[in-house]
Each structure stands twice: as C-alpha cells, then as structure tokens.
Amino acid sequence: TLQQFGTMSLAQVMEPAIRLADGFPMYGVLRATLEANRENTERWEWGRRIYYPGGRIAELGEVFRQPNLAATLRALVAAERAALDKGASREKAIEAGRDEFYKGNVARRIAAAVQADGGLMTYEDLAAYRGGLEPAVSTQFQGHEIHKAGFWSQGPTLLMTLNILDAAGIARMRHGGEEYLHTLVEAIKLAFDDRNAWFGDPRFSDIPAEGLLSRDYAAERAALIGARASLQHRYGNPYAHQHGKAPASVFVPHQLKVHGGPPNDTTAIEIVDARGNLFSATPSSGWLMGGAYIAGDTGVPLSNRMTVFDLDPASPNVLAGGQAAAHHADAHDRHALREALPCGGHAGRRRPGPAYPADAAQRHPGRTEPAAGHRGAAHRVLPLPPVVRRQARCAGRARDRRSRSGRCPVRAGASRAPARSARSLWHRHGRCGRRHRTGARHAARRRGYPGVPAGVWLVRGAEPGPASKAGA
C-alpha cells in the first residue's frame, strides 16, 4: 500500500487522476463502450448526467469531463493536507485521506445514493472495510518461483497450469511445436475447470488449496491430456491429495450454453522502482460493462464485480454478505536466484489473465538464455512463442512483402528461430503465402480444434469448440 511501502504523498499520486477527471479527449474504445451500454447506464440519474450530458456522447477528440469525481478526489487530498498542517506524519495524513472516502462525508454520500436507488450498501459497510496483506501462493517452475494472489482471485490457476505442464513433460517438447502448444492449451483448460469448481473466498469457504497445488494432483491432471483436444469440462478431486475430507455436497459448475461476446481489455501495471520494489496490479473494474452506476454527486463509479458470484449454495463462490467474489483480475511475480519480474495482464472468466508460463517458459529446455526471437515478456499476457509470433507477423502481410521483395519474409530472416520450426508449420502447403496462413491451422485441426483462426487461439488461450463455458 501507499502508506506502508510508498514514498509519495496522497496528493502526488492523486494528481494525474485529478487531471484526467478534469477532462481528456474522448477516444474510440470509450465512446463505443458508452454507446453499447447506453440503455442500461441511462437508467440511473447520475450515469445519465455524467456520461450522456445533454443526451449525447462526446465526439472523438472532444474533451470528456467528470467534475464531480474530480471534486471527490480533491476532497481526499484536502483531508490529507489538513492532517499534515496539524503535524501528522506522512502515514497518518494518508490515513486521513482514506478515512474521508470510507468514513467521512464521501462515504455518507455514496451510501445515501445507493440506498436511494434501491441498493443494499450502507455507510457501516464502507466504514468497516479495510484492505489487508496476505501471503502469496507460490510454485516452482523450471528454476523460477512464481507468486500469485490467493484463491479469491484466479491467480492460482497459473500455478496449477505450470504444475500440470511440468508433470506433462513440457521441458522435453520442442518450444513452440505442435505437441508443446497442444499440451499448453489442454493444461490451461484443466486448470480453469478446477478454478470454476473450487475457487472462492477462503474466509468463507473451505478451499482445497493444498490439493490443488500438489504435485501428485498435477500429475493426475496431466495424465488426462491425450493426443486430441478435449471438448469436455473435467473437474478433479483435489481433496484426495490433502488432509481432510471432501465436502458431502460437491459443487459442479453450471454450463452456460450461450455465445460469449467479444473479449474486453483492461489495464495491467507493472513497476519496479529504484530500490528494487516490485509492484504488479490489474486495476480492473469494468463498471461500464452492462451499464454504469455513479454513486450520486460523488462522481464515483461502483464496480459490477458482484456479477461473478454464483447463486448455487453449494458453490465456494456463492453470493454472501461481506464475501469477496472470486475475482478474475490478478497479477504475478517471478523470482529466480538473483532476478525478479512482475507480470500481469487482462482478466475475464474466459481468459487466463497472465496464464502463460511466465518468462521462464520462454526458455528452451536445457538452456539459460532466452529462446530465439524472445525480447522479454513482462508486459505481455500470453508471450508468444517464436513460431506464433512469426505467424502473426506474416499472416497479414506475407503476400505483400513477398511481392515487393520476391522473397519469403519468414525465410528471409523475419525470425531467427530454427528453419525446421518454420518448415514444420508453414512450408507444408502449396505456395509460400498460402503456407503462412494455413500451416498452424492445419496442425490445430489434426489436434481436434476445428475451424481455429490461425494465431488467435494460440494468442488468447481461448477454447475452440462448442459455445459453452463453466461458471456462475
């Protein structure tokens, strides 16, 4: 937190946010989102007044302003300044700014607005809230220690994926090859099935954390990976690999037979300061998705994360007062003997967030230098293997580049990966341009992924096949 680990004042860290609340040029993604969610947002008075002033959406490049939010942020800074003027320490002054939001006038106005609109949040709920610190959950993978947030997030999904990959023998597979990518996708699917079945707030639910992260359980799950892609949801029994008995009633995630909408992005922040402190966060709220609610004249948008609760009483992620919803946004941290790397990425129930084996998995088995063509992956959600990067690079412009140069862009040096990798995926079909577009798709079909757009499922980690997913 800023209080315990930072060096700046609340005023310093709030200053950029206040500037943005005062106004910034409207951009395309935000405008399209406001347009798509207009009907549900305009149900609420302050959502209508803030996002659609005068019944219109700001045009591209027009300055979009949130004056009430700016005033609220300035009130927090003013509370800090008043405490400093009275001789308070930096830490106590930051606490005063925080108290203005959770215990002061801002909190009272937020609670009053919610209750006036039929909501359940009270002033007492806000005043009692306190963030905290907790130990990370961790695993070892290829000489690296990976740290994630707890089982209230989807963070341990990455750790489980890495354990399954380790048990499946990913180290002996050719990096970026067909077997490697097939195993990676299947491991992610198995880990996400267990996420849907077992994750929740450990303060309220018995989470089989020991079993989920055990190596024996990972080996059991890895044994399910066959030669073809599985189109089934396969939930394991982690209680068999830890002390204690399984619950009498085991939750089975619901299958939602609906097509998901287009994926949405979010923001991941990874920072290392001069003192070596690492900060990784995914400040995702998604308050605009499905309709934005603004808490009265405070200008504060409230999150819609309660939509990820389950209403099945058997679920460890069941809706309950005071309980945290099993959150999708998370960040992670990778340590080796003398190095560390914060990593993060976008979230969402259908996406793994940072669900590719961190930077460690970009290394060839038995080698210590980065894989060919790898230039670092701290900012990537799914750092692309060299083969996939070549495919993404070549698919859209291979034909144009070849027509200009008369040479194949892959074989002309667009990548430094071994020629064998390029031939195995692209130089399998007909003319060169055709090979760039269809080689990986052909390999994917052989593994049982019909109709996969080349490069897409490898990048996003999405599961092709029937339009179903597990979850609330």
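Starting from 1, each residue takes its place in the sequence as its number.
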Could you walk me through whether N196 and H233 pass the side chain to side chain contact (heavy atoms under 4.5 Å, CB included) check? CA-CA 10 Å; N196 292 337; H233 290 288; 5.5 Å; no

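- At a threshold of 4.5 Å between non-hydrogen side-chain atoms, the residues E15 and V77 do not count as touching.
- Between atom CZ of residue F141 and atom CD1 of residue I146 there is a gap of 8.0 Å, rounded to the nearest 0.5 Å.
- How far OG of S138 is from NE2 of H144: 14.5 Å, rounded to the nearest 0.5 Å.
- Side-chain N or O atoms of H182 include none that pairs as donor or acceptor with a backbone N or O of G177 at under 3.5 Å.
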Does D273 form a side chain to side chain contact (heavy atoms under 4.5 Å, CB included) with F279? I'd like the steps, not just the answer. CA-CA 8 Å; D273 69 11; F279 177 82; over 6 Å; no

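- Put simply, the side chain of I94 does not reach to within 4.5 Å of the side chain of E91, judged on heavy atoms.
- The shortest side-chain heavy-atom distance between F199 and P316 does not fall under the 4.5 Å cut-off.
- Between E186 and K189, at least one side-chain N (NZ, or NE/NH1/NH2) sits under 4.0 Å from a carboxylate O, which counts as a salt bridge.
- One distance of note links OG of S315 with CH2 of W198; it measures 11.0 Å at 0.5 Å rounding.
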Test side chain to side chain contact (heavy atoms under 4.5 Å, CB included) on T157 and F192; report intermediate values, then the result. CA-CA 6 Å; T157 309; F192 266 67; 3.1 Å; yes

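- No side-chain heavy atom of D166 sits under 4.5 Å from any side-chain heavy atom of T139.
- Residues F101 and I110 are in side-chain contact: their nearest non-hydrogen atoms beyond the backbone lie under 4.5 Å apart.
- Between the CD1 atom in I170 and the CD atom in E179 there is a gap of 8.0 Å [rounded to 0.5 Å].
- Heavy-atom minimum distance, F251 versus D312: CE1-OD2, 3.7 Å.
- A donor-acceptor contact closer than 3.5 angstrom is absent between the side chains of T161 and R221.
- Taking the six-membered ring where the residue is Trp, H175 and Y180 present tilted rings, their angle falling between 30° and 60°.
- Note on ring orientation: taking the six-membered ring where Trp is involved, the planes of Y217 and H241 are tilted (angle from 30° to 60°).
- The shortest heavy-atom contact between A88 and A93 is CB-N, 4.3 Å.
- Taking CG of D193 as the reference point, atom CD1 of I188 lies at 12.0 Å (rounded to 0.5 Å).
- The salt bridge (Lys or Arg N to Asp or Glu O under 4.0 Å) test applied to R203 returns D201, not counting sequence neighbours.
- Of all heavy-atom pairs spanning Q3 and R90, the tightest one is O-NH1, 3.3 Å.
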Side chain to side chain contact (heavy atoms under 4.5 Å, CB included), that's the test. Do V318 and F309 meet it? Break it down for me. CA-CA 6 Å; V318 67; F309 273 120; over 6 Å; no

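- Of all non-hydrogen atoms in P156 and G150, the two that sit nearest each other are CD-O, 3.4 Å.
- Minimum heavy-atom separation, A187 to I164: CB-CG2, 3.7 Å.
- A heavy-atom distance below 4.5 Å is found between the side chains of L190 and I225.
- Residues forming a salt bridge (Lys or Arg N to Asp or Glu O under 4.0 Å) with E220 (at least two apart in sequence, or on another chain): none.
- With rounding to the nearest 0.5 Å, the separation of CZ in F204 from CG in N317 is 12.0 Å.
- At least one side-chain heavy atom of L213 sits under 4.5 Å from a side-chain heavy atom of M160.
- Shortest non-hydrogen contact noted between N163 and Q140 is OD1-O, 4.4 Å.
- With contacts defined as side-chain heavy-atom distances shorter than 4.5 Å, the pair R98/L10 does not qualify.
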